[in-house]
Amino acid sequence: MRGKNSFQPHERIRRSADFQRVKNAGKRAKTRHFGLNIIPNDLEYHRLGLVVQKRFWCAVKRNRIKRVIREWFRLDKAQIPMPPKDIVIIARPGAEKMNPVELRAEFLPVFGKQDGTH
RNA sequence: GAAGCAGGGCAGAUGAUCGCCGCCGGCGCGAUGAGUGCCGGGGGAGGAAAGUCCGGGCUCCACAGGGCAGGGUGCUGGGUAACUCCCAGUCUCGGUAACGAGGAGGAAAGCGCAACAGAAAGCAGACCGCCUCGCCCGCUUGCGAGCGGGGUAAGGGUGAAACGGCGAGGUAAGAGCUCACCGGUCCCGAUGGUGACAUCGGGAGCCAGGCAAACCCCACCCGGAGCAAGACCAAAUAGGAGAGCGAUUGAGGGCCGCCCGCCCGAGGCUCUCGGGUUGGUCGCUUGAUCCAGCCGGUAACGGCUGGGCUAGAGGAAUGAUCAUCACCCCCGCGGCCCUUGGGCUUCGAGGGGAACAGAACCCGGCUUAUGACCUGCUUCGGAU
RNA sequence: GUCCCCAUCGUCUAGUCCGGUCCAGGACACCGGCCUUUCACGCCGGCGACGCCGGUUCAAAUCCGGCUGGGGACG
């Protein structure tokens, strides 16, 4: 087995239909720099999808945002409460200045509140 | 020391941990396959990867053919696969200089353009002025005022631009009208250079410019699309509806601007609508390649020999954390110079910063963005 | 990734091909005044733009380069 902190291809949302399902039917949350859509899936693990629009940033900054979010998911996915979910994160202007520590602090309340609901 | 000019390479390094994407080897599941998981090894963005502004390779459009249209280039010679690129040179312009910039063919081939101002703006032009003649008036009798005819481009004023400059002669006043010198234009000759051109000598004449980065003429170049090119495999739906046309005397299609020419060509062809798929493999990285040495060349570059090649993704991989060492700035302490203030420098136990920016078929350039450093040169200032 | 197109007052636009008539015209909006008891309508006046940087030219919104910012198409 790989380490539990890995991020493998099947944990990634790729298909356009999956993005549409999460966006239309999922619960929405909003933080200072991101929008999140979340919906439970039928699998045994969480999945992550990223939306970083081309119109706001150049290629280097887009890659930077996606890497930092994936780094968060890789390290903290065990903390996400258990019915497995599809999570789509939409970056908003200002997100390119986030470092991993700030990002973790920003996402913590979102999933902490979820824990309390059930 | 200050300011500036030109050129050069670099794009933080090392280690640890957790991860990502290909490749190779081994093992497991599976059917010996397709896949998939684990372990090990090795690799993984740039000088601009960018803008997509030029030029090629490659692929398809029959074979890439002719003409027109359209587009591009534009001093000379060389380099190159090719170029709007590079190198060397010529001329012009800018700069005190080092050096830099130049789309630098043609306006006595054509159609044209020049607002406003000004008298006049394209085979120039009399508003004021200057000179002269005629008429008339005044008087101090050769001067003044007015009107009219003529001569004149020296002077004034306008303009972006007004047809050489200056001196002498000449004249009623003037004028290249004539002459000397200077400047430019054109023609002829000599010398140097492959050539652009330069230098020198002689002559003509001062009849006359600018805009081609609007059209145009001349010379040369360019067929069109683009890896979402293109080739193959698998799956799935349908085997439809409408319109147009047609059989060798040629419907229609291809060569994606048009014509010629060529080719394919029939119980089918084309267009539109409707329906299905939203997969995989190849192309896909060894190439006009990079490094070193020698040779030819002023150089760009070329030749030979030896060696190296390890990104090839596909909703798109290089990241995070920590430590140490280098670089820069601030701060603190010490030393020196010294006019309160400031400058230079050693040390560190502190704090902060480190640019522009991410391959998408591949190369050669251009342009734009950007960090710290090194070397050479120029001008000015100081010291010797 | 590749290939195209566009940019003028706060908004919609004319002028760009073929340079000067343009310190850029019009409509709506905004501001001030007149009319009206007041508002609206109407009339008069004002404010206000050639995306940016170079070049050619006597002269550039217009011609030629280079940037910047938008928009579109493509199996």
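Lettering follows sequence order; numbering is per chain, from 1. Hydrogens, waters and symmetry mates play no part in the numbers below; they use all other heavy atoms, side chains included.
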Quiz prompt | ring-ring contact (aromatic ring centres under 6.0 Å, His included) evaluation trace for A:Tyr45 with A:His10 | solution = CA-CA 9 Å; A:Tyr45 43 82; A:His10 62 265; 4.9 Å; yes

Quiz item: Any sub-3.5 Å donor-acceptor pair from A:Lys66's side-chain atoms to A:Arg64's backbone N or O?
Solution: no

Exercise. Kindly point out which of C:G1, B:C18, B:U321 is positioned nearest to the side chain of A:Pro100?
Key: B:U321

Practice problem: State the syn/anti category of B:G47 according to its glycosidic angle, syn meaning within 90° of 0. | Solution: syn

Quiz item: Which whole number of Å gives the distance between the P atom of B:G184 and that of B:G56?
Solution: 44 Å

Quiz item: Using the glycosidic torsion, which applies to B:A238: syn (within 90° of 0) or anti (everything else)?
Solution: anti

Self-check item: Watson-Crick or G-U wobble mate for B:C38, both contacts under 3.5 Å
Solution: B:G26

Quiz item: RNA chain B: A:Val51 or A:Asn99, which has the more 5' nearest nucleotide?
Solution: A:Val51

Quiz prompt | Atom pair CZ/CD of A:Arg62 and A:Gln53 - distance to nearest 0.5 Å | solution = 10.5 Å

Quiz prompt | Rounded distance (nearest 0.5 Å) linking atom CD of A:Glu71 with atom CG of A:Asp76 | solution = 10.0 Å

Self-check item: Closest approach of A:Ser6 to A:Gln8 (non-hydrogen atoms, all atoms of both residues)
Solution: OG-OE1, 3.7 Å

Exercise. Name the orientation of the base relative to the sugar in B:G176: syn if the glycosidic angle is within 90° of 0, else anti.
Key: syn

Quiz item: Are any non-hydrogen side-chain atoms of A:Trp72 and A:Ile89 less than 4.5 angstrom apart?
Solution: yes

Practice problem: Figure out the CZ/P separation between A:Arg74 and B:U318, and round it to whole Å. | Solution: 11 Å

Quiz item: From B:U321, B:C18, B:A317, pick the nucleotide closest to the side chain of A:Arg70?
Solution: B:A317

Exercise. Using Watson-Crick or G-U wobble geometry with both distances below 3.5 Å, tell me the partner of B:C356, or none.
Key: B:G46

Quiz item: If pairing requires Watson-Crick or G-U wobble contacts with both distances under 3.5 Å, which nucleotide is the partner of C:G1?
Solution: C:C74

Exercise. If B:U84 has a Watson-Crick or G-U wobble mate with both distances under 3.5 Å, name it; if not, just say none.
Key: none

Quiz item: Can you tell if the side chain of A:Asn99 reaches within under 4.5 Å of the side chain of A:Val68, non-hydrogen atoms only?
Solution: no

Exercise. Rounded to the nearest angstrom, tell me the gap between atom NE2 in A:His10 and atom P in B:U36.
Key: 12 Å

Practice problem: Grab the CD-P distance between A:Glu11 and B:G19 for me, whole Å please. | Solution: 12 Å

Quiz item: Rounding to a whole Å, what distance do you find between A:Lys23:NZ and B:G315:P?
Solution: 19 Å

Quiz item: In whole Å, what separates the P atom of B:G12 from that of B:U84?
Solution: 37 Å

Quiz item: Who passes side chain to side chain donor-acceptor pair (under 3.5 Å) against A:Glu11, sequence neighbours left out?
Solution: A:Lys77

Practice problem: In whole angstrom, give me the gap between the C1' atoms of B:C309 and B:G302. | Solution: 24 Å

Self-check item: Separation of atom CD1 in A:Ile65 from atom P in B:A317, rounded to whole Å
Solution: 13 Å

Quiz item: Does B:A326 pair with anything, Watson-Crick or G-U wobble, both distances under 3.5 Å, and if so, with which nucleotide?
Solution: none

Self-check item: Chi class for B:U286: syn within 90° of 0, otherwise anti
Solution: anti

Quiz item: Rounding to the closest angstrom, what is the interatomic distance between B:C222 and B:A311 at atom C1'?
Solution: 37 Å

Quiz item: Which value, in whole Å, describes the distance between the P atoms of nucleotides B:C58 and C:A60?
Solution: 49 Å

Polar atom pairs (N or O), protein with nucleotides 356-360 of chain B, under 3.5 Å:
{"residue": "B:G358", "atom": "OP2", "partner": "A:Val60", "partner atom": "N", "Å": "3.4"}
{"residue": "B:G358", "atom": "N7", "partner": "A:Asn63", "partner atom": "ND2", "Å": "3.3"}
{"residue": "B:G358", "atom": "O6", "partner": "A:Arg67", "partner atom": "NH1", "Å": "3.1"}

Quiz item: When you compare B:A317 with B:C329, how far apart are their P atoms, in angstrom units rounded to a whole number?
Solution: 38 Å

Practice problem: Calculate the interatomic distance between A:Gln8 atom CD and B:A317 atom C1'; express it in whole Å. | Solution: 15 Å

Quiz item: Start at the 5' end of RNA chain B and walk down; is the nucleotide closest to A:Leu75 or to A:Arg12 reached first?
Solution: A:Leu75

Practice problem: Identify the nucleotide, in any strand shown, that forms a Watson-Crick or G-U wobble pair with B:C123, with both distances under 3.5 Å; if there is none, say none. | Solution: none

Self-check item: Interatomic distance where CD belongs to A:Glu71 and C1' belongs to B:U321 [whole Å]
Solution: 9 Å

Quiz prompt | Contact check, side chains of A:Leu48 and A:Ile13, non-hydrogen atoms, under 4.5 Å | solution = no

Exercise. Using a 90° cut-off around 0 for syn, call B:G22 syn or anti.
Key: syn

Self-check item: Complementary nucleotide of B:C200, counting Watson-Crick and G-U pairs under 3.5 Å
Solution: B:G189

Quiz item: Considering only B:A320, B:G37, C:G1, which nucleotide approaches the side chain of A:Arg64 most closely?
Solution: B:A320

Quiz item: Counting only Watson-Crick or G-U wobble pairs whose two distances fall under 3.5 Å, which nucleotide matches B:A145?
Solution: none

Quiz item: To the nearest angstrom, how far is A:Phe7 atom CZ from B:U318 atom P?
Solution: 11 Å

Practice problem: Look at all strands and tell whether A:Arg62 reaches a base, only sugar-phosphate, or nothing, counting heavy atoms closer than 4.0 Å. | Solution: nothing

Quiz item: Is any side-chain heavy atom of A:Ile69 closer than 4.5 Å to a side-chain heavy atom of A:Leu103?
Solution: yes

Quiz item: If we take the C1' atom in both B:C131 and B:U158, what is their distance in whole Å?
Solution: 26 Å

Exercise. Using the C1' atom on both, measure B:G103 against B:C99 and round to a whole Å.
Key: 23 Å

